Amino acid sequence: VNLRRNIFSYAVIVPFTIVLAFPFFWMLVTSLKPEVQVFDPTKTWSFHPSLHAYGFIFHHTKYVKWIENSCFVGLLVVAITLAVALPAGYALARLSGRIGRSLGVAIFLTYLVPPTLLFLPLSRVVAQYLHLSNRLWALVAVYPSFTIPFAIWLLMGFFKTIPQELEDAALIDGCSRIGSLVRVVFPISLPGILTVVIFTFSLVLNEFVYAITFISSSANRTVPVGVWTDLIRGDLYDWPGIMAAILIPSIPLALIYNAFLNRFITGFTGGAFR
Amino acid sequence: MATMAAARGSRRTRLRYVAERRGFLATLLISPAVLFIAALVGVPLVLAAYLAFTDSQAGSLGGPWVGFDNFRRILHDPIFRGSLWHTAEMTLISQAIVIVCAGLLAHALVHKFRGRWFFRFLILLPWAAPISLTVIGFLWFYDPQASIWNWFLVKLHIVGEFNKPNWLGTPNMAMASIISVQAWRTIPFATVIFLAGISSIPQEVDDASAIDGATGLRKFWYVSLPLQLPIALVAILFGIIFTATDMIVPYILTQGGPFNSTQTITTWAYIQGINAGNLGEGAAIAMFLIPVLAFVAIGMLVFARRAEVT
């Protein structure tokens, strides 16, 4: 039975893995090719790999600036998200009863509201009332709209896995409620908090609709919008360089993502299944 | 002097007493989140609905109230009606592919075997890497001159050297390209959620069904499937909302072209609302995402209630 099961597993997994991962393999190959051989697919193994494309992207485009912009927005949004979602997630996890539960579900449902529904009114609010058009601060102000509901839901799942008894013990030892939160609950949930940080950051890095609507100058773009508008629309079409620009943030992010995936699932489903 | 100190002391105890009350503390901790969400999701949502009934142009928020004019106009517009159809097509076909593939993959991945970690990493790549970047890579894979898919097809003698398909340049092919990218990036997510569903079935159920003689397909149909259905449903609902409301994949790949044959609700709302500057009309177009949203939200609520009962 074990052998048959293994054969079934490999027979399914190997072809699927090839199909799902092949685009990344091909991006890598393209990024290492010299430009003259790019249009010749037969040169998959027999070409002289060069890092020319990586040098090009760093020195001849605003790529570094876009990375800085994405990180700037990402870090600020992560900070805002944690400051708002940590207390809320904790309170919702501990607040038993109908109000707590329906509030939790309501906050979760707001996560489903897509940016594609909100970007039109927000584009006017940002330009007219906040006077933030073409500023990175516009993104900092708007991104919490999807990161906060998502983070609350994840954190709620994590906090539910922390036994109430631990806090009660701290209360008996003379800790205040806030004190027990800061000294007992947050330190144990550090892995959960880290998970939220990573997933929030990756949501921000991936965001496209608001970034392309609010930002109009090349120097203020985030990575995906920069690569798309300046390198593709700008008719630069340096394919090895574009592939390099895609892979540089993707691969580290995918590695970290993978490392935290199990915690992510626990948190994500934990909110619903307990 | 002494009385003042006493008063201050009692005020502090009173404050502390208030801070220790559960209801008060909960309100204090939750209200920033509620305010944030109300301001960033609630208000724009209301504004979007309001804009849909106005003749608002770029550069202003508001404009003359025109009632249902926007809706009447877009419903007579063949491009908009096409975009409704394309959105449904893109969502339903890609999610059908996702369910089949992710179901198979999850069942294969659930057992421990050599190299599982490595395979899982590769399978997850399409979901873990930012889609707004990787989809730009697909522009290259679908490139009319250098498409790697065409190279394979020619090598396998499926198409001739001189009638290679122009993926993003022909209507049906462009739609197929968009659907495959949507499926490609959602399969890992659904697989992972399905996996969690399968692993949550306790070993005892497995043992009991083995004693009762349930094996293979029969066990899958009567035991495993019903038990993992609720969590699979969640993955599917997420897949539907992610795909139907997604603008990134169709916009980057085709921007609705060729000849509006891949125009979806989201890309058309963007093109009308931002590029053409008809804010009111764009908002009216985007309003057609609400039924999808409502459907998924109701599905989730039903699921949450079901999970509570069991």
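Proteins come first, then strands; the chains are lettered A, B, ... in the order of their sequence lines, and each starts at number 1. Everything numeric in this text was worked out from a predicted model, so none of it was measured. Note that these values count all heavy atoms, side chains included, but never hydrogens, waters or copies made by symmetry.
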Fill in: Selection from B:Ile252, B:Leu124, B:Leu139, B:Leu122 maximising heavy-atom pairs under 4.5 Å formed with chain A
B:Ile252

Worksheet entry | Most contacts with chain A, counted as non-hydrogen pairs under 4.5 angstrom, among B:Gly137, B:Gly42, B:Ala244 | B:Gly137

Item to complete: Working to the nearest 0.5 Å, report the span between CH2 of A:Trp26 and CH2 of B:Trp149.
Response: 10.0 Å

Fill in: Residue pair A:Ser9 / B:Ala108: nearest heavy atoms and the distance that separates them
OG-O, 2.9 Å

Worksheet item: Do B:Phe119 and A:Phe16 pass the ring-ring contact (aromatic ring centres under 6.0 Å, His included) test, and can you show the C-alpha distance, the side-chain angles, and the key distance before you say yes or no?
Response: CA-CA 10 Å; B:Phe119 280 113; A:Phe16 268 113; over 10 Å; no

Item to complete: Please examine the side chains of B:Tyr251 and A:Val209, heavy atoms only from C-beta on, and report whether any two atoms are closer than 4.5 Å.
Response: no

Worksheet entry | Min side-chain heavy-atom separation B:Ile274-A:Leu120 under 4.5 Å | yes

Discussion item. Is it the case that the side chain of A:Thr17 and the backbone of B:Ile123 share a donor-acceptor pair, with hydrogens and angles ignored and the cut-off at 3.5 Å?
Written reply: no

Item to complete: Pick whichever of B:Ala129, B:Ala286, B:Pro44 has the most heavy-atom pairs under 4.5 Å with chain A.
Response: B:Pro44

Discussion item. So, applying ring-ring contact (aromatic ring centres under 6.0 Å, His included) with A:Phe24, which one of B:Phe121, B:Phe138, B:Phe141, B:Trp184 is it?
Written reply: B:Trp184

Practice prompt. Please round to the nearest 0.5 Å and tell me the distance separating atom CD1 of B:Ile290 and atom CG of A:Leu117.
Written response: 5.0 Å

Practice prompt. Could you have a look at A:Leu103, A:Val84, A:Ile246 and say which one has the most heavy-atom pairs with chain B under 4.5 angstrom?
Written response: A:Ile246

Worksheet item: In terms of heavy-atom pairs under 4.5 Å, which option from B:Ala33, B:Ala269, B:Pro126, B:Ala283 contacts chain A the most?
Response: B:Pro126

Response to the item:
Heaviest contributor of heavy-atom pairs below 4.5 Å to chain A, chosen from B:Gln145, B:Arg185, B:Arg120, B:Met287, is B:Arg120

Worksheet item: Are side-chain heavy atoms of A:Arg124 and B:Leu47 found at a separation under 4.5 Å?
Response: no

Fill in: Partner chain B: residue of A:Val14, A:Leu253, A:Leu109, A:Leu112 with the largest heavy-atom pair count (under 4.5 Å)
A:Leu112

Worksheet item: Given that the side chain runs from C-beta out, which part of A:Ala83 has a heavy atom under 4.5 Å from chain B: side chain, backbone, both or neither?
Response: neither

Worksheet item: Side chain of A:Ser145, backbone of B:Leu40: donor and acceptor closer than 3.5 Å?
Response: no

